[in-house]
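Convention: sequence-line order gives letters A, B, ...; per-chain numbering from 1.
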Amino acid sequence: MSTAALKAQSMGQPLDRVDGRLKVTGAATYPAEFHPAGLLYGHLVTSRIARGTITAIDSAAAEKAPGVRAVLTHLNAPKLPEPPNAQKAEGIRLEQRVPFSDARISYGGQYVGVVVADTLEQARFAADLLTVSYAAETPALRKEDALETKQPAETNGEKLQFSKGDVEAALKNADFTRVEQTYSTPTETHNPMENSATIATWESPEKLVLYDATQYVKGAQSIVARAFGLKREDVRVICPFVGGAFGCKGPVWPHTLVAAMAARAVGKPVRIELTRAQMFSGTGHRSATSQRVALAASKDGRLQAIRHQSEGFTSPVGKYVEACGIGSTHVLYDAPAIEFGHTIHTVNIGQSSFMRAPGECPGTYAVECAMDELATALALDPLELRMLNNSPNHPTKGIPFSTKFLGDCYKVGAEKFGWGRRQAAPRSMKDGRLLVGWGVATATYPANQWAATVWMQLTADGTALVRCATHDLGTGASTAFTQISADALGLPTAKIKFELGSSDYPFGPVAGGSNSTATVGSAIVLAARALQQKLADLAVANAESTLYRANAREVVVVGPGRLGLVSNPGKSVSYADVLSAAGLPSIDAEGELKEEKNAKSAFQSFGAQFCEVKIDPDLPLVHVTRFVSVMDCGRVINSKLGASQILGGIVMGIGMALEEETHYDPRTGLPVTRNLADYHVPVHADINAIDVTFVGEPDLQFNAMGARGMGEIGNTGTAAAVANAVFHATGRRVRDLPITPDKLL
Amino acid sequence: MNPFTYARAKDAESAVALRRGDAGAKFLGGGTNLIDLMKMGVETPTQLVDINRLPLDKIEELPDGRGVRIGALARNSDAAENPLLRERYPVLREAFLSGASPQLRNLATVGGNLLQRTRCYYFYDPDFPACNKRAPGSGCGALEGYNRVHAILGQSEHCIATHPSDMCVALAVLDASVQVTGPKGSRSISFGEFHRLPGDHPEIETNLAPDELITAVDLPPLPAGARTHYVKMRDRSSYAFALVSVAVVLELRAGTIQSARVALGGVAHKPWRATKAETRLQGVKTGDETALREAAEAELAGAKGYQHNSFKIEMAKRTIVRAIVEAAT
Ligand SMILES: Cc1cc2nc3c(=O)[nH]c(=O)nc-3n(C[C@H](O)[C@H](O)[C@H](O)COP(=O)(O)OP(=O)(O)OC[C@H]3O[C@@H](n4cnc5c(N)ncnc54)[C@H](O)[C@@H]3O)c2cc1C
Ligand code: SF4
């Protein structure tokens, strides 16, 4: 990883979003808003059963309906070759089945047809006229009825079954204090504001353009190209803005393939935008989990064993595993014996997938609640227990963390929150009639940095254009990349234009795993260095330049848009002068970052989450009245956007703790709460003061910016902090999320 | 959505006339419920008669001290902020403000609120095959399905849906009457007679004839010094339907209940007037929580819960007690 630190000028500043104005004025064009000439509208028809086969389809009425151009089902759709199981760099397919490939139904809401018409209304109307008959079988919806139960060895190259030391012995040791409980989380469904959508336009039989709401333009390009037997460069994927995603737009889901299929069938561009209800089955969800956690500690509070056994669900059409705690259970605390394992049940429910902080979000919920129970069993303060077990070294890799300021997170958080005034006994703190509870939990998320390439062009007018096929999910990534580009080039942010969201640009990875800032930022730095090298070469070769015949290696950025000598910064020239002297209108360069494994250090972000709840003991709706979050994520590129990321993660975590739950009908297997009136996420009135603070130092072992990602960590530990506060307030331990009022009656 | 025609009425007579003979016609109020249901394919009107221009949005005093009349087209937000209602019927304002969101309340009309349909998941989503209310005779999907928001009082084996309105719970304790007009002339329906229990015809929800138009809701004056209050229990702090709600009107003398009117929301196919509790509450001291609890127990004695909603029985008891205690203080 690159070690030469980047000097922070713009980095760290609370720069306003570069695209904020476009967004609030409606001028930002989201994928579904493109309007290629002749655009038609497709509406997907979904299965009303969860398991069985289609016995007949009567499409006569739908075909005759006004405006209808085509009705595609498995009976007449072209058979696509199944694209090979993609690797990370080649796109992500979690639902392996190619849409309309046969009559088999594996989950409720599976697409059984698409109707294409001149208007959306006509398509929807005709879709209702399509009559699909089924031979229904009893769907497997619970683990007791699972079609298959497995303990897979790994997922994405990471171990799913792990063990260090003798956990069993420690758990049996009579000298140790031990807790063992099962915690469960329900199915949660990503609900970004922007529903998933694809517009497919065939420019020729060999050339396809997709306007696709995606977190991974290059992945979509690669998968769609292979599905339709096209050259990769003949598929263009455009996605300048994303209206939120939380992971659901990372994989290529069937609707994208259907859009391309339908557009080819009618010879016109076709738009398919999912309805909110379809978002509950067609674009993944966080699997329900059941997690058994056992902890043992010596009387002084030192952890002796951690065991974390998780069960989750996948579908008959894919293999995704919700890997609870694979990036946290063995990283959080030092213990001589640590074990985790995963069991996965196949049921007739749409494919589960990654959702913000996959694995770590449910995983930290279970482990951090168990830590609270252990603190109670040991009669220790729950914060003190965590402090006692904080370790500078990675507990299972035996290497140090590059930087770790978790101790500061605890201290600063405790101070800000007033933790010292906490009365230990449950139900001991009151505000009038209301019970008051204070809870704490540790947050953690691994730092990822993958591969990317950035192209950069400097123009004689002193402005720079920077491009990468990366994404801004609404997080503010374009703003952060503008700031990094500015500092890497030594230019003010106003001179930088950062472009993303097109597969025409050099490779950018999926916007997932909180990797983008680190990955793309590092590639920006490499590109800027390559560009400056080219400028330096021009400057030292130019007889008129003050830098003539200087050693190009000693030429560095000495001021805004200026190159000079390390030894004598007064001797300098402007970028613009170098270019005009060379007679060049512009100059460009690429920076390619490769994924590296660093065996000397472990890279991980940490934080502390403090929560206050107030609960009416008779009518127990939980109100989160205060939340303090202190995070160590290395350098924060933009203090405002960074805090917003953490804040958003906390809001989502509060939703997970108290509200979110996708219910499935026990007979049909269809999601029952598939709209935003019945699927609850927090509303304004649920959210009170959330105080976000960053501590720590730039992680310069990790990259030149010193930045680790922060898109997901805010969503870890939060639900546990809330649940622990609820216990402290009420004396009741609800181990089954969400904590709705009925569970506290 | 199905094709339909659209006509705009200018007054009550033309509204009724436009509908006459068209069994598939529906009046369009704020549209916050009807349009949603049309998009879902649950309501399939052939004609929409838009009544938004009807001059029925006033809230005014009735002559001779007979109370206040709320026009059927008054928006929920306007009614909530109306000075007359605010001063004389504070429970109604509380109920309005606890419902939906400000944006929805700006559109929603009083007439539409009365006729809003249940939020039973199975009713709302035609992908589910069984729902006696949507497709009579098809069975009840909720009975053995997911039934968290469903009824515990007055339901039948044909339907366990609830009426979801907050406003109506307050109207139930205000002894309101609904003014309607139709081809056969105008009439007044007392509030208790307006909504129906499901019985074996859950598809018939009110005693309003399909071609009748609601023109107003009349509120008789409350006894002098009456205390009123509305308490709503829900799954989040706002923008959620009631799990259980309670409206009360109390007449007190020296801390003792002279008369009580109590209605429950979120528990039955209609706003549930808790007459058993009301009888028991007479003569009870508002500080005597045991007696209050006994009155609530009496009302809920016949309640029946299902797999996911049995908690409502206990919640309803506690909410009744809370509403009375808070109204009295
Ligand atoms: C997301 C969401 C959340 C909500 N939350 C709540 C809540 O918490 N509490 C709550 O109480 N409500 C809630 N509501 C429901 C809301 O109160 C109703 O949708 C609204 O009151 C309906 O009024 P409207 O004027 O829009 O009716 P419309 O949708 O226009 O009409 C509803 C029905 O009434 C008929 N109708 C309308 N006016 C008349 C008339 N004058 N005479 C005869 N028939 C008429 C229509 O034909 C139709 O059948 C919520 C709604 C939504 C969408
Ligand atoms: S409860 Fe009523 S509305 Fe719901 S499914 Fe049963 S019959 Fe239909």
Side-chain angles (χ1 to χ4, degrees), chain A residues 45-49 65-66 108-109 120-122 124-125 127-129 136 275 277 281 433 616-624 654-655 658-661 663-668 670-688 738-745, chain B residues 1-3 33 36 39-41 44 98 100-102 104 119-122 124-130 139 141-142 144-149 164 231-241 243-244 246 289 293 305 307-319 321-323 325-326:
Chain A
V45 182
T46 56
S47 166
R48 295 180 178 194
I49 65 161
L120 177 62
E121 291 75 14
Q122 289 170 333
R124 268 185 97 151
F125 172 67
D128 279 346
L129 302 177
T275 61
S281 40
R433 180 172 64 207
D616 184 313
D618 297 326
L619 301 177
L621 175 66
V622 177
H623 292 279
V624 175
I654 292 173
L658 303 177
E659 300 177 16
E660 291 196 41
E661 177 160 20
H663 289 276
Y664 295 88
D665 177 58
R667 295 141 311 176
T668 60
L670 297 180
V672 179
T673 49
R674 50 179 170 175
N675 60 69
L676 289 179
D678 296 323
Y679 184 87
H680 284 178
V681 296
V683 293
H684 283 294
D686 292 321
I687 302 300
N688 292 290
I739 309 174
T740 44
D742 48 302
K743 294 184 186 164
L744 292 171
L745 274 180
Chain B
M1 204 186 275
N2 283 288
N33 191 219
D36 264 15
K39 286 189 195 162
M40 294 302 295
T44 53
S98 73
S101 65
L104 284 159
R119 307 304 289 203
C120 169
Y121 325 104
Y122 298 90
Y124 230 86
D125 188 341
D127 274 3
F128 292 109
E144 309 269 300
Y146 181 57
N147 44 35
R148 179 173 175 79
V149 300
V231 175
K232 177 172 178 179
M233 273 306 287
R234 48 189 150 179
D235 275 326
R236 62 183 169 192
S237 306
S238 105
Y239 199 32
F241 289 93
L243 293 169
V244 169
V246 175
E289 290 208 16
R293 170 90 194 179
Q307 192 182 351
H308 307 99
N309 76 343
S310 296
F311 70 89
K312 284 188 175 185
I313 298 173
E314 175 62 22
M315 188 179 273
K317 294 175 189 170
R318 295 189 190 186
T319 312
V321 173
R322 174 62 57 83
V325 169
E326 283 184 351

**Part of A:Leu676 lying under 4.5 Å from any heavy atom of chain B** = backbone

**Complete:** d(B:Tyr239 OH, A:Asp686 CG) to nearest 0.5 Å is 13.0 Å

**Item:** Inter-residue atom distance B:Tyr122.OH - A:Leu670.CG, 0.5 Å rounding
**Value:** 9.0 Å

**Message:** Show the nearest heavy-atom pair for residues B:Leu243 and A:Pro741, with the distance to one decimal.
**Reply:** CD1-CG, 4.5 Å

**Item:** Which portion of B:Arg236 sits near chain A, non-hydrogen atoms under 4.5 angstrom
**Value:** both

**Request:** Please determine, among B:Ala240, B:Pro126, B:Ser101, the option with the most heavy-atom pairs under 4.5 Å with chain A.
**Result:** B:Pro126

**Fill in**
Pair count under 4.5 Å, heavy atoms only, with chain A: among B:Arg322, B:Met315, B:Glu144, highest is B:Arg322

**Request:** Heavy-atom pairs under 4.5 Å with chain B are the metric here; pick the option from A:Glu659, A:Lys743, A:His680 that has the most.
**Result:** A:His680

**Fill in**
Only residue of A:Val672, A:Asp742, A:Asp678 satisfying side-chain contact (heavy atoms from CB on, under 4.5 Å) with B:Arg148 is A:Asp742

**Prompt:** Where does A:His663 contact chain B at under 4.5 Å (heavy atoms): side chain, backbone, both or neither?
**Reply:** side chain

**Prompt:** Does B:Asp127 use its side chain to pair, donor to acceptor, with the backbone of A:Arg48 at less than 3.5 Å?
**Reply:** no

**Prompt:** So what's closer than 4.5 Å to chain A heavy atoms on B:Val231: side chain, backbone, both or neither?
**Reply:** side chain

**Prompt:** Is any side-chain heavy atom of A:Asp665 closer than 4.5 Å to a side-chain heavy atom of B:Tyr146?
**Reply:** no

**Closest contact, heavy atoms only, A:Arg667 versus B:Gly141** = NH2-O, 2.7 Å

**Prompt:** Where on A:Asn675 is there a heavy atom nearer than 4.5 Å to chain B: the side chain, the backbone, both, or neither?
**Reply:** neither

**Request:** Might you point out which heavy atoms bring A:Ala685 and B:Ser238 nearest each other, and give the distance in Å?
**Result:** CB-CB, 4.0 Å

**Prompt:** Roughly how far apart are A:Glu661 CD and B:Asp235 CG, rounded to 0.5 Å?
**Reply:** 10.0 Å

**Complete:** Taking every heavy atom of B:Phe311 against every heavy atom of A:Leu745, the minimum-distance pair comes out as O-CD1, 3.5 Å

**Residue pair A:Pro671 / B:Phe128: nearest heavy atoms and the distance that separates them** = O-CZ, 3.8 Å

**Request:** Taking all heavy atoms of A:Ala677 and all of B:Arg119, pick out the closest pair and write down the distance.
**Result:** CB-NH2, 4.2 Å

**Asked** Just how far is it from atom OH of B:Tyr121 to atom CZ of A:Arg674, taken to the nearest 0.5 Å?
**Response** 14.0 Å

**Prompt:** Rounded to the nearest 0.5 Å, how far apart are CD of B:Glu314 and CG of A:Asp618?
**Reply:** 9.0 Å

**Item:** Rounded distance (nearest 0.5 Å) linking atom CZ of B:Arg234 with atom CG of A:Leu619
**Value:** 12.5 Å

